[in-house]
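Please read the structure below before turning to the comments.
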Amino acid sequence: MTGQRWIHGHRLRRCSRAVLVACAFVLSGCNPHMYDDVPGLHDVRRAEVPGTWLGLDRTKVVLRPDGRADIRLLDGQEWDFDDRWRLSGTGTWKLTGERAGWSDGRHVLLTLTSRTAVATRAPEPDDPPGPAVNTTGTPRTYTWTFELRRDDGKALNLYFFFGDPDSRSTYVLRRSRGS
């Protein structure tokens with residue numbers, strides 16, 4: 001009996017430590033998965049990428065088979081997202097296997113080479129009040145690095161992290177049904 005209590009007591013202490021560590025993460029605002037590896041896709045073929053890709057708030061990216069791209073209302077990635085500018089214009093894209101983003105898989109690099117418009121994303125309701133967005137400071141050219149993943153139906157999705165990359169908040173583009 002004494003051995004069982006000790007084992008049982010040891011298990012309770014181990015469980016209590018795990019709960020305390022989990023609570024510490026939650027209370028300190030840490031994401032326990034923020035340093036996990038980002039899964040990479042290695043099997044993506046170039047022919048899978050061209051098409052029309054749609055995102056939130058009327059974002060539209062058309063990737064043409066010849067490597068040209070049309071971009072409408074695409075937000076900046078990672079920390080640039082916090083500046084709330086949205087870019088439109090034309091550019092180029094390429095599928096690369098080089099280490100370019102957060103995963104060791106393939107990536108789509110999308111480069112805006114000719115900016116035609118700048119818009120401002122409305123602040124979120126819980127954002128603190130701040131100064132108006134200064135669109136004169138927005139980039140004239142910009143390169144996005146899209147990570148790649150497949151949804152449950154095995155359809156390809158393009159995404160990047162926005163805000164603090166450690167938060168793992170994703171900005172996802174999905175292929176248009178007609179594309």
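Fair warning: this is a prediction, and the values are worked out from it, not measured in the lab.
Taking the ring pair (Phe, Tyr, Trp, His ring centres under 6.0 Å) definition, one finds that Tyr142 meets it with Trp85, Trp144, sequence neighbours left out. With sequence neighbours left out, Asp43 forms a side chain to side chain contact (heavy atoms under 4.5 Å, CB included) with Leu41, Arg150. Residues satisfying the side chain to side chain donor-acceptor pair (under 3.5 Å) test with Gln77, not counting sequence neighbours, are none. In this structure, Arg46 has no side chain to side chain donor-acceptor pair (under 3.5 Å) partners at least two apart in sequence or on a different chain. Listed by chain and residue number, Arg149, Asp151, Val172, Arg174 satisfy the side chain to side chain contact (heavy atoms under 4.5 Å, CB included) test with Asn157 (two or more places apart in sequence, or in another chain). The side chain to side chain donor-acceptor pair (under 3.5 Å) test applied to Asp66 returns Arg68, not counting sequence neighbours. For Arg140, the side chain to side chain contact (heavy atoms under 4.5 Å, CB included) criterion is met by Arg115, not counting sequence neighbours. Annotation: side chain to side chain donor-acceptor pair (under 3.5 Å) contacts of Thr59 (sequence neighbours excluded): Arg86, Tyr171. By the side chain to side chain contact (heavy atoms under 4.5 Å, CB included) test, Thr92 pairs with Thr111, sequence neighbours left out. The salt bridge (Lys or Arg N to Asp or Glu O under 4.0 Å) search around Asp82 returns none, not counting sequence neighbours. Shown here are the salt bridge (Lys or Arg N to Asp or Glu O under 4.0 Å) partners of Arg45, two or more places apart in sequence or in another chain: Glu48.
The residues Asp70 and Lys60 are annotated as not salt-bridged, no charged nitrogen and carboxylate oxygen being separated by less than 4.0 angstrom.
The minimum heavy-atom distance between Ala69 and Leu63, with the atom names listed, is CB-CD2, 3.9 Å. A pairwise comparison of heavy atoms in Trp93 and Pro50 identifies CZ2-CG, 3.8 Å as the closest pair. When every heavy atom of Gly76 is checked against every heavy atom of Phe160, the shortest pair comes out as O-CE1, 3.6 Å. Minimum heavy-atom separation, Leu87 to Pro139: CD2-O, 4.0 Å. Annotation for Phe162 and Thr170: closest pair CE2-O, 3.3 Å, computed over non-hydrogen atoms. The minimum heavy-atom distance linking Thr113 with Thr141 is given by the pair O-CG2, 3.9 Å.
Put simply, CZ on Arg121 and CG on Asp83 are 9.0 Å apart, with the number rounded to the nearest 0.5 Å. In this structure, Glu78 CD and Thr145 OG1 are separated by 8.0 Å, a value rounded to the nearest 0.5 Å.
Side chains of Leu158 and Leu110 form no contact here, defined as non-hydrogen atoms less than 4.5 Å apart.
Val118 and Leu112 end up in the same hydrophobic cluster when Ile, Leu, Val, Met, Phe, Trp and Tyr side chains are linked at under 4.5 Å.
Listed by first and then second residue, the ring-ring contact (aromatic ring centres under 6.0 Å, His included) pairs that reach into residues 39-79 come to none, sequence neighbours excluded.
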*Run the numbers on Val108 and Val44 for side chain to side chain contact (heavy atoms under 4.5 Å, CB included), then give the verdict.*
CA-CA 10 Å; Val108 170; Val44 177; over 6 Å; no
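Thr52 places no side-chain N or O within donor-acceptor distance of the main-chain N or O of Val62, the cut-off being under 3.5 Å.
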